[in-house]
Amino acid sequence: MERTFIMVKPDGVRRKLVGEIVRRIERRNFSIVAMKMLTPSRELAEQHYAVHKGKEFYEGLLEFITSGPVVAMVVEGDNAIKLMRNLMGATKPEDAMPGTIRGDLTISTRENLVHGSDSADTAACEIVLWFPELC
Ligand code: IDP
Ligand code: MG
């Protein structure tokens, strides 16, 4: 069993796609073991996206991710980190395959509906950051 951090971004909440995204996660037979809705503070967003600090899209990304409520989740299952990344689809719209969340539901590079941890180390850090009460 593996745990990963998944977030429906503000565009997903605004577009009323929370149910659609949760449905796809559950349909794959992953378990949602924690879930909450919150509007991320600037500080939380900076910590979450620290790896992208200095990139040209960083400020726009922080503005976007703090623009409204998100749904934060801990998702559990065998190989959850890699399989959830596959379920999400690639970052670039032109690479996001049909059948994936991004490939089916968005054409924007920034407003791409969903975040998922990209490695075991990041998953551990992100779960502690977003769900300190679990740890
Ligand atoms: P990921 O979410 O697929 O792991 P990352 O490269 O880690 O993608 O980028 C984090 C987030 O930053 C993306 O999901 C997207 O919202 C945003 N982003 C990445 N690259 C760009 C870009 O070139 N322009 C605008 N936003 C971007
Ligand atoms: Mg990433």
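No experiment lies behind these values; they were computed from the predicted model shown. Every number for a ligand or one of its atoms is a count from 1 in the order of the listing.
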Item to complete: Return a yes/no value for Thr91: is any of its N or O atoms, backbone included, closer than 3.5 angstrom to an N or O of ligand 1?
Response: yes
Practice prompt. Could you list which atoms of ligand 1 come closer than 4.0 Å to a heavy atom of Tyr49?
Written response: 10 (C)
Salt bridge [X]-[Y], side-chain N to carboxylate O under 4.0 Å:
X     : Y      : result
Arg85 : Glu2   : no
Arg24 : Asp104 : yes
Lys36 : Glu133 : yes

Just to confirm my output: which protein heavy-atom neighbour is closest to [atom], and how far is it?
atom                    : answer
atom 15 (C) of ligand 1 : Thr109 O, 3.3 Å
atom 17 (C) of ligand 1 : Leu61 CD1, 3.8 Å
atom 10 (C) of ligand 1 : His52 NE2, 3.5 Å
atom 16 (O) of ligand 1 : Arg110 O, 2.7 Å

Fill in: Selected option - heavy-atom contact closest to atom 2 (O) of ligand 1, from Met88, Arg85, Arg102
Arg102
Worksheet entry | Aromatic plane relationship, Phe5 with His48 - under 30° parallel, 30 to 60° tilted, over 60° perpendicular | perpendicular
Worksheet item: How does Lys9 reach ligand 1, by side chain, by backbone, by both or by neither, if only non-hydrogen atoms under 4.0 Å count?
Response: side chain
Worksheet, complete the sentence: Counting heavy atoms under 4.0 Å, the part of Asn112 that contacts ligand 1 is side chain
Discussion item. Check whether Phe64 forms a cation-pi arrangement with Lys9 (NZ or CZ under 6.0 Å from the six-membered ring centre, at most 45° off the ring normal).
Written reply: no
Discussion item. Could you tell me if Glu126 and Ser117 have a donor-acceptor pair between their side chains, going purely by distance under 3.5 Å?
Written reply: yes
